[in-house]
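Numbered from 1 within each chain, the chains take letters A, B, ... in sequence-line order. Please read all numbers here as calculations on a predicted model, not as lab measurements.
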Amino acid sequence: MDITLVPESPFRFRLDRCDPMRVPGVVFATRDLLPEAVGDKALEQVANVATLPGIVRASFAMPDVHWGYGFPIGGVAATDIDAGGVVSPGGVGFDISCGVRLLAADIDREPLAPRMRRLMDILGDTIPRGTGRGGLWKISGRAQMEKLLVAGAGYAVECDHGVPRDLDRCEDRGALAEADPSQVGQRAVDRGLQQVGSLGSGNHFLEVQVVDQVYDAGVAAAFGLHPGQVCVMIHCGSRGLGHQVCTDHVRVMDQSLRSFGIHIPDRQLACAPVVSTPGRAYLGAMAAAANYGRANRQLLTQAVRHAFTTAAGVGVDLVYDVSHNTAKIETHDVDGVSRRLCVHRKGATLALPPGHPDLPADLADHGHPVLVPGTMGTASYVMVGTVGNDAFSSAAHGAGRVWSRHQALRHVRGEALRGELESRGIAVRPSSWRGLAEEAPEAYKDVDAVARATEGAGLARLVVRLVPLGVVKG
DNA sequence: ATGTCC
């Protein structure tokens, strides 16, 4: 396919349709943030996604787009369920329901300062992290796991790992309703039994932050945020369970492609009609894994509460919990007609506009919170959904990589990076030197530019900017 | 992302 980008605005580029694309591609970015500027194959993936059966409107890319498995990370694609539309595990990613949770502590930076060292030590000692290893909550077996897979964060709260108000501030109230635990294989369940309440590795982290700037005081107040306030951002997913679900169902779909007469330019786009046995099976398993991811973040929240109580004697409230790796059944207007769509968001956050019926009542006037984590040395953003978002109400999910992990290791030493961050007043509790180096701030796009482009493209609006005080690294 | 290869 010939890939030529046509600028439509300073924040929007079109990738014209050519065979076998069914729809055009749309990349929301500035020139500096374009994948070609950062030298990877993400644009080709945007075009590949546009060939999927049933895709409507366009194959979208967010400002943090970069190369991923099949679909680009930062990719959004919706298929029409009643017109043979497909679901693709590659459009969700291996880390199903990977997401971000923001907590607001009942203390400001200044009074916390003398307790900060102790707080970081407790977090460093109590937050399980790294590949494999254990979690905070041991699940007894398949029967208990199925309850967790059905009710997600709600099951954790039911078992006293949280308070009911937490669920008011979770996307989907903490659980996707379509979960079908019978489609989650025993191997996936076994991998998940010991990992509820653990960060994992890679780009996952738990960060203590402070509100550095407020762009919209009204929305910030509705979210429970003010200047100088201490927050905690948690980024993690569904660990080995989600990974195994993806692996299992990609295999099934790869084998069933021929029987559905589906032709795709890349096997990593393996897919099946939503209305088919493998399609339904994957969506049921995916929802279950998504609920595992939400329960995982709920358990980590409890560890944060324990640390703040012990170190500073203060409480912690949930601001919001969003997933950025999902496929969800949603109703959208397409060319003036209301359609049932399967919306894939891979490294993209739901960004509902003000007034949307799916919003919690106390946020209904403002819009859906959009959490955009940066890196351990840079800012993170809270944004809010806007009216007129073409990409099925989706926004950026983070900074987006520019260096591969291998490249990062050639440029950065973990020990030196820790020294640098500590000298800038950012406490670091790593899991491994290698993992720390791979996640160096230089390996990512400029998150300030990503957040500005997200606003410029009309995907979401800036609410507050957070800067790091300490990082517990997966 | 991931018991970084069953």
Side-chain angles (χ1 to χ4, degrees), chain A residues 40 42 45 64-75 88-101 128-135 138-139 145 184-206 234-252 254 268 270 282 285-286 288-290 292-294 296-297 300 322-327 344-349 373 375-376 397-409 414 431-440 443-444 473-474:
Chain A
D40 73 18
Q45 296 188 315
D64 51 337
V65 64
H66 59 111
W67 179 88
Y69 176 90
F71 281 54
I73 295 163
S88 172
V92 174
F94 274 84
D95 194 3
I96 294 165
S97 194
C98 181
V100 184
R101 177 175 279 224
R129 56 197 191 276
T131 49
R133 312 204 203 158
K138 311 286 178 249
I139 302 302
M145 178 63 88
V184 178
Q186 192 55 42
R187 196 163 167 192
V189 169
D190 289 342
R191 287 180 72 171
L193 290 174
Q194 309 277 321
Q195 295 185 323
V196 185
S198 66
L199 279 182
S201 61
N203 62 1
H204 292 160
F205 64 81
L206 185 152
I234 299 170
H235 178 215
C236 65
S238 53
R239 306 293 331 275
L241 183 140
H243 192 276
Q244 192 66 48
V245 163
C246 182
T247 303
D248 293 346
H249 287 263
V250 162
R251 185 178 297 125
V252 171
D254 187 64
Q268 293 184 352
Y282 170 70
M286 195 261 343
Y292 183 97
R294 282 110 184 252
N296 188 23
R297 292 192 285 275
L300 291 166
V322 299
S323 299
H324 49 231
N325 285 1
T326 57
H344 301 74
R345 293 188 185 85
K346 180 186 191 177
T349 305
T375 73
M376 61 185 99
H397 86 305
R401 282 198 90 88
V402 282
W403 287 353
S404 68
R405 298 186 175 282
H406 189 74
Q407 276 177 295
L409 290 176
S431 165
S432 75
W433 294 123
R434 181 184 165 168
L436 198 69
E438 288 178 349
E439 293 299 317
Y444 284 84
K473 197 66 197 76

Length of the [atom1]-[atom2] vector between [X] and [N], whole Å:
| X | N | atom1 | atom2 | value |
| --- | --- | --- | --- | --- |
| A:Gln244 | B:dT2 | CD | P | 13 Å |
| A:Arg133 | B:dT2 | CZ | P | 12 Å |
| A:Arg251 | B:dT2 | CZ | P | 19 Å |
| A:Asp248 | B:dC6 | CG | C1' | 13 Å |
| A:Tyr292 | B:dT2 | OH | C1' | 13 Å |
| A:Phe94 | B:dT4 | CZ | C1' | 12 Å |
| A:Asn325 | B:dT2 | CG | P | 11 Å |
| A:Glu438 | B:dT2 | CD | P | 12 Å |

Across the strands shown, which category fits [X] at heavy-atom distances under 4.0 angstrom: base, sugar-phosphate, nothing?
| X | value |
| --- | --- |
| A:Gln195 | sugar-phosphate |
| A:Gly93 | nothing |
| A:Gly237 | nothing |

Among A:Arg434, A:Met376, A:His204, exactly one meets side chain to side chain contact (heavy atoms under 4.5 Å, CB included) together with A:Glu439. Which residue is that?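 Only match with A:Glu439 under side chain to side chain contact (heavy atoms under 4.5 Å, CB included): A:Met376.
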
Which sits closer to the 5' end of DNA chain B, A:Arg434 or A:Arg405, going by the nucleotide each is nearest to?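 Its nearest nucleotide lies further toward 5', so the answer is A:Arg405.
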
If you find the nucleotide of DNA chain B closest to A:Glu439 and the one closest to A:Thr131, which residue's nucleotide is nearer the 5' end?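 Between the two, 5'-proximity favours A:Glu439.
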
Just to verify, what does A:Ala188 make a side-chain contact (heavy atoms from CB on, under 4.5 Å) with, not counting sequence neighbours?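 A:Ala188 satisfies side-chain contact (heavy atoms from CB on, under 4.5 Å) with A:Val184, A:Leu241, A:Gln244, A:Val245 only.
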
Judged by modelled atom types alone, do A:Arg239 and A:Ser198 share a side-chain donor-acceptor pair under 3.5 Å?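 Side chains of A:Arg239 and A:Ser198: pair found under 3.5 Å.
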
Phosphate OP1/OP2 of B:dT2 contacted by A:Arg239 side-chain N/O (<4.0 Å):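 Indeed, a polar side-chain atom of A:Arg239 lies that close.
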
Is there a side-chain contact between A:Ser201 and the phosphate of B:dT4, meaning an N or O under 4.0 Å from OP1 or OP2?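 Answer is no, no contact under 4.0 Å.
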
Ring centroid separation for A:His324 and A:His235, is it under 6.0 angstrom?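 That pair passes the under 6.0 Å test.
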
Partners meeting ring pair (Phe, Tyr, Trp, His ring centres under 6.0 Å) with A:Trp403 (sequence neighbours left out):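 In terms of ring pair (Phe, Tyr, Trp, His ring centres under 6.0 Å), with neighbours along the sequence ignored, A:Trp403 is linked to A:His411.
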
